[in-house]
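Below is one structure; the comments refer to it alone.
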Amino acid sequence: MKNYLFNQTSPYLLQHADNPVNWYPWCEEAFERARSEDKPVFLSIGYSTCHWCHVMAHESFEDEEIAEILNQYYIAIKVDKEERPDIDSIYMSVCQAFTGSGGWPTTIIMTPEQKPFFAGTYFPKTSRYGQIGLKELLLAVYEQWKADRKVLLESADEIIAFLNRQTTVGNNINMQLLDSAFEIYKSIFDDKFGGFGEAPKFPTPHNLLFLMQYYEKNGNKDALKMVEKTLLQMYRGGMFDHIGGGFSRYSTDRYFLVPHFEKMLYDNALLILAYCRAYQITKKQVYCDVAEKTATYILREMTSPEGGFYSAQDADSEGVEGKYYLLEPDEIIELLGEKKGKEFNQYFDITDRGNFEGKNIPNLLKSEITIGKFDDYLPHVYEYRKKRYSLHLDDKILTSWNTLMIAALCHLYRVSRKEIYLNTAIRAQEFIQKNLCEGNTLYISWREGQRSGKGLLDDYANEVFALLSLYEATLDGVYLEKAKQFCDKIISDFYDNDRGGFFLYGKENEQLILRPKETYDGAVFSGNSAMAYNLGRLYLITGEKKYGELAECQMEFMSAEAESYPAGYAMFLVALSDYIEPQEKITIVVKDKRDLVNLSWRIPLNSVVYVVKGMTKEYPLKDDKTTFYICRGRTCQPPVNELDNL
């Protein structure tokens with residue numbers, strides 16, 4: 001018998017629609033029933049490609065005994081964290097406050113008024129290895145709910161009060177944060193294998209973007225060394241899919257050999273950005289090659305027929321993590337022949353002994369990188385691998401992640417000069433405008449013709465980031481004007497006029513028990529970091545005073561937030577660096593629109609570009625031709641008619 005999830009569009013919720021647990025989606029009906037029946041609420045948050053979410057589902061939520069306990073004593077609610085990042089943010093902070101850590105699946109028990117009094121992550125069905133089982137937990141909590149509820153309610157009030165505490169109001173811009181962050185990165189850098197800290201190692205490409213900017217502005221070779229070592233090791237290892245392209249979520253070991261095999265859209269978008277910047281700085285072809293291989297994967301496997309980008313691919317096939325990706329030497333020899341098969345195996349470290357559970361993750365950790373090697377044979381191996389097993393695809397289309405990929409493809413177009421990337425980015429933006437936008441209101445996700453709730457800060461902030469990238473790639477002022485419109489809506493609906501910074505959800509969204517401001521740059525950079533970048537960029541491009549004033553306020557707010565650990569705010573540091581020392585600004589006064597064709601290829605990725613149609617009093621045409629003005633810092637060069645002359 002189906003539960004209340006059967007009519008949802010989220011792949012994660014639909015995975016649980018046949019559970020014997022009487023799941024509700026997050027809705028008022030569920031909380032009203034909890035109030036009327038005087039039951040606590042059991043909240044489970046996860047996402048469709050989460051390995052441990054699958055494990056807990058198989059062990060507990062598909063189990064009749066657990067379902068009977070939940071159905072009798074609780075009201076059970078399932079939430080897809082990717083469709084409701086506002087709910088996820090609040091209850092993840094609860095989990096971290098209770099346990100000191102977080103993760104998915106997130107397990108919350110709370111009152112019908114949404115006040116949490118217990119939090120954790122994965123629980124086995126029954127107690128083992130010193131960890132309480134879900135069965136014992138549910139029975140014990142319900143017993144206390146009936147016998148001594150006062151203790152539970154007091155703990156709920158305490159945690160809400162703790163999370164509602166006011167942060168310090170920023171009142172100055174801390175210019176030392178850039179150097180402090182660099183020193184932290186340097187202290188935790190793995191000089192031998194690349195990456196930062198101990199295993200597991202996450203890509204966090206925005207850290208690399210900051211270090212590349214730090215190198216450009218300070219000439220610090222250690223910053224570039226850390227970036228190159230990390231980018232090359234990530235590519236050479238098994239975290240990169242050498243057969244099909246694209247990066248997995250993270251490396252489980254120090255060497256970047258064994259990944260957690262799920263692939264996320266946002267990781268690949270941010271990594272394309274990082275590899276493009278590395279190519280522009282070093283002119284080493286390998287970085288552009290990796291970015292293009294990653295984009296090829298996105299276009300081939302993660303792009304919908306309508307032009308939007310899917311969210312993720314699962315790590316598991318037939319219930320086994322990584323099974324889809326593992327190869328054995330005999331398979332390759334049979335496929336490619338004795339001679340080429342052995343050469344292929346040697347290059348990609350595919351051996352009889354294996355490097356992961358007796359089988360092989362293709363990698364280049366023992367080989368020299370040779371661009372183009374075996375490119376003629378990879379399609380055969382790719383097609384063979386695809387026919388063996390299948391991967392679950394989370395095919396919902398998320399605004400905030402799609403916009404990151406749009407920005408990435410714009411950057412890749414500018415360094416590769418290949419129209420396909422720009423055309424794909426434009427088509428994805430058109431998809432957002434058609435399906436995820438109504439006027440200046442964005443929506444969070446789209447699947448099977450239906451869109452979910454109204455957008456949150458990340459949706460809007462990343463959309464501005466994408467529109468600015470499209471403007472810089474096309475030099476079409478339509479994108480700049482749209483970026484300004486969305487930025488103005490963010491200021492109106494999300495900005496905290498009293499204490500600074502932007503709330504996670506705005507005036508049009510459901511009002512929850514907390515109204516958080518996310519500032520830390522985790523797997524993706526926060527909406528507040530993105531807004532620091534967007535406001536600074538808009539001010540540098542347009543010179544409009546309102547953006548300059550708000551950029552300064554945002555730099556002050558984020559400086560206070562980042563002070564305790566600046567290395568956790570890399571995207572904000574990119575914005576801060578440009579605010580302190582602006583990139584060169586190129587103002588193009590257009591006489592003939594044809595002069596703009598392919599021009600963005602010749603403009604550095606971080607340069608600020610402003611296009612003026614027709615001469616103005618401030619920017620006259622030189623010799624009645626399209627004219628370029630360039631300013632670096634507080635110094636401007638004489639106008640010229642050819643960009644090469646700059």
Side-chain angles (χ1 to χ4, degrees), residues 82-83 85-86 206 265-266 269-270 272-273 298 303-304 306-311 396-411 422 424-446 451-474 476-495 502-509 518 521 524-539 541-542 547 550-551 554 571-572 574-575:
E82 294 165 358
E83 281 199 341
D86 50 344
H206 29 295
L265 181 67
Y266 60 80
L270 294 174
I272 289 173
L273 287 173
I298 295 297
T303 305
S304 73
E306 301 86 359
F309 303 114
Y310 301 133
S311 295
K396 69 176 177 293
I397 294 171
L398 294 166
T399 299
S400 64
W401 297 2
N402 268 247
T403 47
L404 292 177
M405 185 55 71
I406 289 169
L409 292 173
C410 288
H411 282 64
L422 179 60
T424 304
I426 291 172
R427 188 164 176 254
Q429 178 57 35
E430 290 171 349
F431 176 91
I432 289 174
Q433 286 293 135
K434 179 181 177 182
N435 299 290
L436 285 157
C437 186
E438 191 174 299
N440 284 338
T441 298
L442 290 172
Y443 291 81
I444 294 173
S445 69
W446 185 91
R451 58 192 183 198
S452 64
K454 291 183 178 180
L456 305 174
L457 176 62
D458 288 11
D459 299 298
Y460 284 94
N462 290 353
E463 170 69 344
V464 174
F465 181 62
L467 288 166
L468 290 175
S469 299
L470 281 163
Y471 167 67
E472 290 162 349
T474 63
D476 186 340
V478 169
Y479 295 117
L480 179 60
E481 288 305 310
K482 197 67 179 175
K484 290 166 61 178
Q485 291 171 22
F486 278 122
C487 194
D488 293 345
K489 182 175 176 63
I490 296 170
I491 295 165
S492 170
D493 287 9
F494 294 84
Y495 190 64
F502 294 87
F503 292 112
L504 176 60
Y505 60 84
K507 296 175 181 177
E508 297 179 348
N509 300 103
E518 290 194 337
D521 292 340
V524 294
F525 46 75
S526 70
N528 271 286
S529 288
M531 284 308 297
Y533 177 89
N534 292 337
L535 289 166
R537 199 78 172 173
L538 280 171
Y539 176 61
I541 293 171
T542 67
Y547 298 126
L550 272 169
Q554 186 69 356
M571 191 62 184
F572 159 62
V574 170

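From a predicted model like this one, the values you see are computed outputs, not experimental measurements.
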Fill in: Sub-6.0 Å ring centroid separation between Phe503 and Phe494
no
Discussion item. Is any side-chain heavy atom of Cys437 closer than 4.5 Å to one of Tyr443?
Written reply: no
Worksheet, complete the sentence: Rounding to 0.5 Å, atoms CG (Leu456) and CD (Glu508) come to a distance of 11.5 Å
Discussion item. Closer than 3.5 angstrom, by distance alone: can the side chain of Asn509 be matched with the main-chain N or O of Gly455 as a donor-acceptor pair?
Written reply: yes
Worksheet entry | Residue pair Leu470 / Thr474: nearest heavy atoms and the distance that separates them | O-OG1, 2.7 Å
Worksheet entry | OH on Tyr539 to CG on Leu550, rounded to 0.5 Å | 12.5 Å
Worksheet item: Has the side chain of Asp493 got a donor or acceptor atom that lies under 3.5 Å from a matching backbone atom of Lys507?
Response: no
Worksheet item: Under the salt bridge (charged side-chain N to carboxylate O under 4.0 Å, His left out) rule, what pairs show up with a residue in residues 425-440, not counting sequence neighbours?
Response: Glu438-Arg451
Worksheet item: What do the steps show when you test Arg537 against Glu472 for salt bridge (charged side-chain N to carboxylate O under 4.0 Å, His left out), and what is the final call?
Response: CA-CA 11 Å; Arg537 199 78 172 173; Glu472 290 162 349; 3.0 Å; yes
Worksheet item: Is the backbone N or O of Lys396 less than 3.5 Å from a side-chain atom of Ser445, with the two atoms forming a donor-acceptor pair by type?
Response: no
Practice prompt. With the side chain counted from C-beta on, respond yes when Ile298 and Met405 share a heavy-atom pair under 4.5 Å apart, and no when they do not.
Written response: yes
Practice prompt. Could you pull out the closest heavy-atom pair between Ile444 and Glu82, with the gap in Å?
Written response: CG2-O, 3.9 Å
Worksheet item: Within the side chain of Thr303, is there an N or O that forms a donor-acceptor pair under 3.5 Å with the backbone of Phe309?
Response: no
Worksheet item: Are Leu422 and Leu409 close enough that some pair of their side-chain heavy atoms sits under 4.5 Å apart?
Response: no
Worksheet, complete the sentence: Rounded to the nearest 0.5 Å, the CD1 atom of Ile406 sits from the OG1 atom of Thr424 at a distance of 10.5 Å
Fill in: Rounded distance [0.5 Å steps], OG in Ser452 versus CH2 in Trp446
12.0 Å
Item to complete: Measure from the side-chain N and O atoms of Asn462 to the backbone N and O of Asp459, and report whether any donor-acceptor pair falls under 3.5 Å.
Response: no
Practice prompt. Please check if the side chain of Asn402 supplies one atom and the backbone of Ile397 the other of a donor-acceptor pair under 3.5 Å.
Written response: no
Worksheet item: Will you find, in the side chains of Gln433 and Gln429, an N or O donor that is under 3.5 Å from an N or O acceptor?
Response: yes
Practice prompt. Mind listing the closest non-hydrogen atom pair of Ala551 and Gly536 along with its distance?
Written response: CB-N, 3.9 Å
Worksheet item: Quick one: ring pair (Phe, Tyr, Trp, His ring centres under 6.0 Å) partners of Tyr533, sequence neighbours excluded?
Response: Phe465
Worksheet item: Between CG of Leu457 and OH of Tyr505, what distance do you get to the nearest 0.5 Å?
Response: 13.0 Å
Fill in: Heavy-atom side-chain proximity of Leu442 to Phe486 below 4.5 angstrom
yes
Fill in: Side-chain H-bond candidate by donor/acceptor type, Gln554 with Asn528, under 3.5 Å
yes
Worksheet item: Between the main-chain N or O of Phe525 and the side-chain N or O of Ser529, is there a donor-acceptor pair closer than 3.5 Å?
Response: no
Worksheet item: Distance only, no hydrogens: is a donor on one side chain within 3.5 Å (strictly under) of an acceptor on the other, for Asn534 and Tyr460?
Response: no
Worksheet item: Sequence neighbours excluded, which residues qualify as salt bridge (Lys or Arg N to Asp or Glu O under 4.0 Å) partners of Lys482?
Response: none
Practice prompt. State, yes or no, whether a side-chain contact exists between Tyr547 and Cys487 at a heavy-atom distance under 4.5 Å.
Written response: yes
Fill in: Check: Asp458 side chain, Gly527 main-chain N or O, donor-acceptor pair, under 3.5 Å
yes
Worksheet item: Between Tyr471 and Ile541, is any pair of side-chain heavy atoms under 4.5 Å apart?
Response: yes
Practice prompt. Return the minimal non-hydrogen interatomic distance between Ser469 and Ala407, and the atom names on each side.
Written response: OG-CB, 3.4 Å
Worksheet item: Is there side-chain contact between Leu467 and Lys484, with heavy atoms separated by less than 4.5 Å?
Response: no
Worksheet entry | From CA spacing to verdict: side-chain contact (heavy atoms from CB on, under 4.5 Å), Ser526, Met531 | CA-CA 9 Å; Ser526 70; Met531 284 308 297; over 6 Å; no
Practice prompt. Would you sort out whether Leu436 and Phe431 count as a side-chain contact (heavy atoms from CB on, under 4.5 Å), showing the intermediate values?
Written response: CA-CA 7 Å; Leu436 285 157; Phe431 176 91; 4.0 Å; yes
Discussion item. Within the 4.5 Å heavy-atom criterion, are Val574 and Phe572 side-chain neighbours or not?
Written reply: no
Practice prompt. Please test Phe502 against Ile490 for side-chain contact (heavy atoms from CB on, under 4.5 Å), starting from the C-alpha separation and ending with a verdict.
Written response: CA-CA 8 Å; Phe502 294 87; Ile490 296 170; 3.6 Å; yes
Worksheet, complete the sentence: Rounded to the nearest 0.5 angstrom, the CG-CG distance for Leu265 and Leu398 is 8.0 Å
Fill in: Short side-chain to backbone donor-acceptor contact, Ser492 and Asp488, under 3.5 Å
no
